[in-house]
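Read the structure below first, then the notes.
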Amino acid sequence: SLDTILPSMGPAQGNSLLTIIGQDLQSTAPTKCFFGRQGVIATMLSSSALLCRSPPMLGFDLVAVSVALNGIDASVQTRAFAYFAPVRLLSLQPAAVSSGMLFLIEISGESFSEHSTYDCILGKNSIGPAAWRSSSSVACSSPALSPGNFTLQINIGDVKASLNALVLEAMGPLVISAIEPSRAHA
């Protein structure tokens, strides 16, 4: 039986690694996972866990995931997997900020859906939800940052939704150490 699949969504280009949890999943025959009618080879972890990579899918749909322990006959029990359109990030406004300050980041891109809930990921940390503006823009509130460069990407839940990442620079305070010439002629 199939209890759950993690994650339960992934980008339409496929290649999401899914863990399928269930009971009595062990088999001596090659096991397959089916995404709708499309089958992919499964890797057996244990009698209660399998790994499968989602195949590419045309369109952005909800499909039934099932398991065929003999590689042919899919289980009657299924779990839903949602394919979504990946987003392409184009630019940040601002692309550089002063360290230690809070700010709003406007992200320009392609294929943002008002029906998806996006999370902003700065470095390795979620900084909160992205506010949908249009199919080409979302906005994220950023915490105060220490000086350095930070990658920004967009996730849906724990799944990477952006095809690429952008770099945000947090600049330290401006320090003037010398002015040349030190005197001007009158």
Side-chain angles (χ1 to χ4, degrees), residues 1-90 107-132 134-138 140 150-167:
S1 71
L2 300 180
D3 295 332
T4 190
I5 59 174
L6 298 169
S8 60
M9 65 179 76
Q13 76 264 24
N15 208 32
S16 293
L17 185 61
L18 276 70
T19 302
I20 298 179
I21 307 293
Q23 297 170 11
D24 300 321
L25 297 177
Q26 211 153 10
S27 171
T28 56
T31 302
K32 284 189 174 180
C33 297
F34 281 88
F35 292 75
R37 294 185 177 156
Q38 196 167 355
V40 296
I41 299 295
T43 301
M44 186 76 57
L45 295 178
S46 70
S47 64
S48 60
L50 301 171
L51 289 178
C52 295
R53 288 214 178 264
S54 63
M57 189 63 63
L58 293 175
F60 314 111
D61 259 341
L62 199 60
V63 297
V65 174
S66 57
V67 173
L69 294 176
N70 64 4
I72 300 168
D73 302 314
S75 60
V76 174
Q77 192 175 25
T78 63
R79 292 290 175 254
F81 182 79
Y83 280 97
F84 59 80
V87 297
R88 181 176 309 280
L89 306 181
L90 299 175
I107 304 164
S108 296
E110 298 171 345
S111 302
F112 292 113
S113 169
E114 69 179 308
H115 304 293
S116 294
T117 302
Y118 298 110
D119 290 314
C120 299
I121 308 298
L122 198 57
K124 295 181 181 180
N125 302 312
S126 173
I127 58 171
W132 184 83
S134 70
S135 63
S136 61
S137 177
V138 295
C140 301
F150 300 86
T151 58
L152 185 134
Q153 67 182 27
I154 300 293
N155 282 12
I156 295 178
D158 290 334
V159 179
K160 184 177 175 183
S162 52
L163 293 170
N164 61 314
L166 298 174
V167 176

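- Here the side chains of Val63 and Thr78 are not in contact, with every heavy-atom distance at 4.5 Å or above.
- The shortest non-hydrogen separation linking Gln153 to Lys160 is OE1-CE, 3.5 Å.
- One finds the CG atom of Asn155 at 12.5 Å from the OG1 atom of Thr117 (value rounded to the nearest 0.5 Å).
- With values rounded to the nearest 0.5 angstrom, Leu166 atom CG is found 9.5 Å from Ser108 atom OG.
- Ser66 approaches Gln77 most closely through the heavy-atom pair CB-O, 4.0 Å.
- The side chain to side chain donor-acceptor pair (under 3.5 Å) contacts involving residues 43-56 comprise Ser46-Ser48, where partners must be two or more places apart or lie in separate chains.
- Scanning all heavy atoms of the two residues, the minimum distance from Ser111 to Tyr118 falls at O-OH, 3.8 Å.
- Legend: residues meeting side chain to side chain contact (heavy atoms under 4.5 Å, CB included) with Ile127, ordered by chain and number and at least two apart, are Cys120, Leu122, Cys140, Ser142, Pro143.
- Shown here for Ile107 and Phe112, the closest heavy-atom pair between the two residues is O-CE1, 4.1 Å.
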Could you go through residues 31-39 and list every donor-acceptor pair under 3.5 Å that involves a side-chain atom there, pairing it with any protein atom two or more places apart or in another chain?
none

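- Here Thr151 pairs with nothing under the side chain to side chain donor-acceptor pair (under 3.5 Å) rule; sequence neighbours left out.
- Within the structure, every pair that satisfies the salt bridge (Lys or Arg N to Asp or Glu O under 4.0 Å) test and touches residues 107-131, not counting sequence neighbours, is listed here: Arg88-Glu110.
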Mind listing the side-chain donor-acceptor pairs of residues 3-22 below 3.5 Å, one per line with the distance, residues two or more places apart or on another chain?
none

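- Once rounded to the nearest 0.5 Å, the distance linking CG of Leu62 with CE of Met57 reads 10.5 Å.
- Atoms CG and CG, from Asn164 and Leu152 in turn, are 10.0 Å apart once rounded to the nearest 0.5 Å.
- Atom OG of Ser116 is separated from atom CZ of Phe84 by 7.5 Å, given to the nearest 0.5 angstrom.
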